Protein chains: 2
Amino acid sequence: MAIAAPKTRRGETSRAVILKAALDLFQEHGYEATTMRAIADRAGVSLGSSYHYFPSKEHLVLEFYRHTHELHAAAIAPLLSREKDLSTRLRGTIRAVVVTCEPFHAVAGSIFSTVANPASPLNPFGGAAKPLRDEVVELYAEVVSGSGARIPKDIAEFLPLILWLYQMGILYFWIFDRSPGRLRTLEVIDETTELIVRLISLANLPVLRGSRNRILGLIKDIVERPQG
Amino acid sequence: MAIAAPKTRRGETSRAVILKAALDLFQEHGYEATTMRAIADRAGVSLGSSYHYFPSKEHLVLEFYRHTHELHAAAIAPLLSREKDLSTRLRGTIRAVVVTCEPFHAVAGSIFSTVANPASPLNPFGGAAKPLRDEVVELYAEVVSGSGARIPKDIAEFLPLILWLYQMGILYFWIFDRSPGRLRTLEVIDETTELIVRLISLANLPVLRGSRNRILGLIKDIVERPQG
DNA sequence: CGCTCTAGTTGAACATGTTCAAATCAAGAT
DNA sequence: ATCTTGATTTGAACATGTTCAACTAGAGCG
């Protein structure tokens with residue numbers, strides 16, 4: 001069950017070559033159309049060997065995620081170090097998500113369902129994918145904290161998590177988007193990022209204080225109690 | 001590919017007996033643990049016969065949904081005809097969802113992922129499941145319209161769809177809920193339904209007018225353009 | 001060199017969703 | 001009664017994710 005970490009030079013190359021074959025094939029033919037046998041073939045190893053390093057096909061997707069996450073993080077690094085305006089940082093970050101994922105658009109659909117499955121190791125709410133999720137949330141923490149915006153402390157505490165969730169929503173929309181150049185998704189991103197920043201500033205209004213506290217209390221409760 | 005509607009008495013009973021076997025087995029052992037062969041066995045027909053009436057295992061789940069939807073609609077009928085307070089109607093309706101689904105809690109997890117899959121016929125955003133989704137949205141339209149609340153027209157137009165989405169969110173939370181008697185979910189329902197009603201009333205504030213229009217415009221755009 | 005031990009490798013075997021061509025059935029027409 | 005036709009039924013065959021017991025490679029050691 002547990003992922004077998006390679007313990008020799010030979011093992012390392014085997015694992016690497018299997019992973020590369022899988023990533024290439026996922027991109028070429030999509031997740032479902034890529035068979036474990038095809039992966040093993042292209043990697044030049046036997047079917048059994050793939051299972052020695054990756055407990056399941058889903059675990060290979062997990063590495064796929066990590067791969068795109070690293071591309072994404074690298075892509076927005078310049079923006080994050082240069083730009084101070086929260087709205088611009090957020091827009092640039094989310095735009096970069098869909099741009100980075102664009103080569104995998106055809107794959108994304110079949111993958112999303114696996115992610116949503118509570119029983120899957122890919123489920124971000126508490127499987128093998130949790131560490132990666134935490135990294136992404138951390139990235140959004142940086143988007144917020146590196147900006148000049150003064151965010152109330154109670155909001156700032158959960159904002160990164162909410163933005164991660166928001167990103168998932170955008171990705172789900174993007175999966176369905178058939179518009180040329182995926183323009184609709186970009187429009188929705190522009191509109192929603194501005195909206196989010198606006199709502200954050202509105203949250204300071206006295207009339208909204210009550211609802212704000214209730215929403216934050218709810219989130220706090222959901223996040224901090226285990227198993228739910 | 002298309003669902004073969006039975007054309008004889010004999011065919012009708014076959015279809016019915018297959019469906020009943022499937023529903024029972026899903027409930028007893030969950031979705032994944034139930035094999036098509038087991039369904040055919042219990043129904044007393046051959047494997048091929050099941051595929052004559054249901055193009056895939058997923059299509060059997062679709063019927064499962066319809067089944068619970070009908071239970072749910074029946075369960076809340078008295079409430080909807082008696083109660084006029086929107087908050088109470090909404091709370092009762094959503095509570096009834098999780099109560100109705102409670103016997104299937106163990107199954108629900110494995111099913112949810114299928115629903116989220118854009119390629120699945122179960123995907124409510126435009127597969128075979130769309131008609132059923134429309135029925136559920138219609139039910140929420142009744143929850144709103146039958147209440148004494150005066151909802152602005154622009155909000156009322158999309159509120160049922162939003163409430164359907166909200167119900168999906170609650171169900172996803174419920175799937176993870178391991179608390180005794182699923183009490184946490186009920187708490188979250190009480191809190192969120194009140195919050196929703198409160199936010200609707202707040203939407204009339206002049207300061208929120210701009211954001212309200214933008215949000216509604218966004219929803220309108222997303223809903224009304226095809227493919228996305 | 002030969003032994004041992006662990007990591008790595010293999011491919012046959014299994015389970016299960018799905019397909020399909022052939023067989024069977026039932027009812028109406030002749 | 002026999003034939004025809006379309007619906008229904010069947011089970012073998014296929015594809016593919018996964019498991020596992022046997023086998024190989026190679027390093028460390030005497």
Side-chain angles (χ1 to χ4, degrees), chain A residues 1-19 21-22 25-26 29-64 107 110-111 113-114 117 119-122 128, chain B residues 1-19 21-22 25-26 28-64 110-111 113-114 117 119-122 128:
Chain A
M1 268 302 161
I3 299 176
K7 308 207 169 172
T8 68
R9 188 78 47 87
R10 191 176 165 222
E12 275 167 37
T13 53
S14 283
R15 185 181 192 281
V17 90
I18 292 165
L19 183 54
L25 285 171
F26 284 157
H29 306 121
Y31 176 69
E32 264 128 29
T34 299
T35 71
M36 290 300 284
R37 283 165 182 80
I39 293 171
D41 273 2
R42 179 171 298 201
V45 302
S46 75
L47 181 58
S49 251
S50 305
Y51 280 94
H52 184 70
Y53 295 105
F54 302 95
S56 79
K57 195 178 172 185
E58 293 183 352
H59 280 81
L60 278 164
V61 179
L62 194 53
E63 298 293 322
F64 189 82
V107 198
S110 27
I111 287 178
S113 69
T114 322
N117 189 342
S120 165
L122 264 64
Chain B
M1 263 307 162
I3 298 176
K7 311 207 167 170
T8 68
R9 189 77 48 86
R10 191 172 166 229
E12 274 167 38
T13 52
S14 284
R15 185 181 192 282
V17 89
I18 291 165
L19 183 54
L25 285 171
F26 284 156
E28 282 172 35
H29 306 121
Y31 176 70
E32 263 127 30
T34 299
T35 71
M36 291 299 285
R37 283 165 183 78
I39 293 171
D41 273 3
R42 177 169 301 200
V45 302
S46 76
L47 182 57
S49 252
S50 307
Y51 280 95
H52 185 69
Y53 296 106
F54 303 95
S56 80
K57 194 177 172 185
E58 293 183 353
H59 281 81
L60 278 164
V61 178
L62 194 53
E63 298 293 322
F64 189 84
S110 24
I111 287 177
S113 69
T114 320
N117 190 344
S120 166
L122 265 66

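Just so it is clear: chains get the letters A, B, ... in the order the sequence lines come, proteins before strands, and each one is counted from 1. The structure presented is a predicted model; accordingly, all values stated were derived computationally and were not measured.
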Discussion item. What is the distance, to the nearest angstrom, from the NE2 atom on His59(B) to the C1' atom on dT18(C)?
Written reply: 13 Å

Identify each atom pair where a protein N or O and an N or O of nucleotides 8-12 of chain D are less than 3.5 Å apart, giving names and distance.
unit_1  : atom_1 : unit_2   : atom_2 : d
dT8(D)  : OP1    : Lys7(B)  : N      : 2.8
dT8(D)  : OP1    : Thr8(B)  : N      : 3.1
dT8(D)  : OP1    : Thr8(B)  : OG1    : 3.3
dT9(D)  : OP1    : Ser14(B) : OG     : 2.5
dT9(D)  : OP2    : Ser14(B) : OG     : 3.4
dT9(D)  : OP2    : Tyr53(B) : OH     : 3.0
dT10(D) : OP2    : Ser46(B) : N      : 2.7
dT10(D) : OP2    : Ser46(B) : OG     : 3.3

Discussion item. Checking His52(A) against Ser49(A): is there a side-chain donor and acceptor pair closer than 3.5 Å?
Written reply: no

Worksheet item: Can you check whether Arg10(A)'s main-chain N or O pairs, donor with acceptor, with Thr13(A)'s side chain at less than 3.5 Å?
Response: yes

Worksheet item: Rounded to whole angstrom units, what separation is found between the CG atom of Leu25(B) and the P atom of dT16(C)?
Response: 13 Å

Response to the item:
Taking every heavy atom of Ala40(B) against every heavy atom of Ser50(B), the minimum-distance pair comes out as CB-OG, 3.8 Å

Item to complete: Measure the distance from CD1 on Ile18(B) to P on dT18(C) and round it to the nearest whole Å.
Response: 14 Å

Discussion item. Rounding to an integer number of Å, can you tell me how far Lys57(A) NZ sits from dT19(D) C1'?
Written reply: 17 Å

Worksheet, complete the sentence: Here the distance between atom C1' of dC20(C) and atom OH of Tyr51(B), to the nearest Å, is 13 Å

Worksheet item: Which heavy-atom pair separates Ser56(B) from Tyr51(B) by the least distance, and what is that distance?
Response: CA-CE2, 4.2 Å

Worksheet item: Do Ser120(A) and Glu58(A) meet the criterion of a side-chain donor-acceptor pair at a distance under 3.5 Å?
Response: yes

Discussion item. Could you work out how much the helix from dC1(C)-dG30(D) to dT30(C)-dA1(D) bends, comparing the axis of its first five pairs with that of its last five, to 10°?
Written reply: 30°

Worksheet item: Just checking Thr34(B): base, sugar-phosphate only, or nothing, at a heavy-atom cut-off of under 4.0 Å?
Response: sugar-phosphate

Discussion item. Using whole Å, what does the distance between atom P of nucleotide dA15(C) and atom CD of Glu32(B) come to?
Written reply: 18 Å

Response to the item:
Of all heavy-atom pairs linking Tyr53(B) and Gly11(B), the shortest is OH-CA, 3.2 Å

Discussion item. With a 4.5 Å cut-off on side-chain heavy atoms, are Arg42(B) and Val17(B) touching?
Written reply: no

Worksheet item: What is the minimum heavy-atom distance between Ala22(B) and Leu60(B), and which atoms define it?
Response: CB-CD2, 3.8 Å

Fill in: Interatomic distance, Leu60(A) CG vs dT16(D) C1' [rounded to whole Å]
15 Å

Worksheet, complete the sentence: residues 29-40 of chain B vs side-chain hydrogen bond (donor to acceptor under 3.5 Å, both in side chains), sequence neighbours excluded, gives none

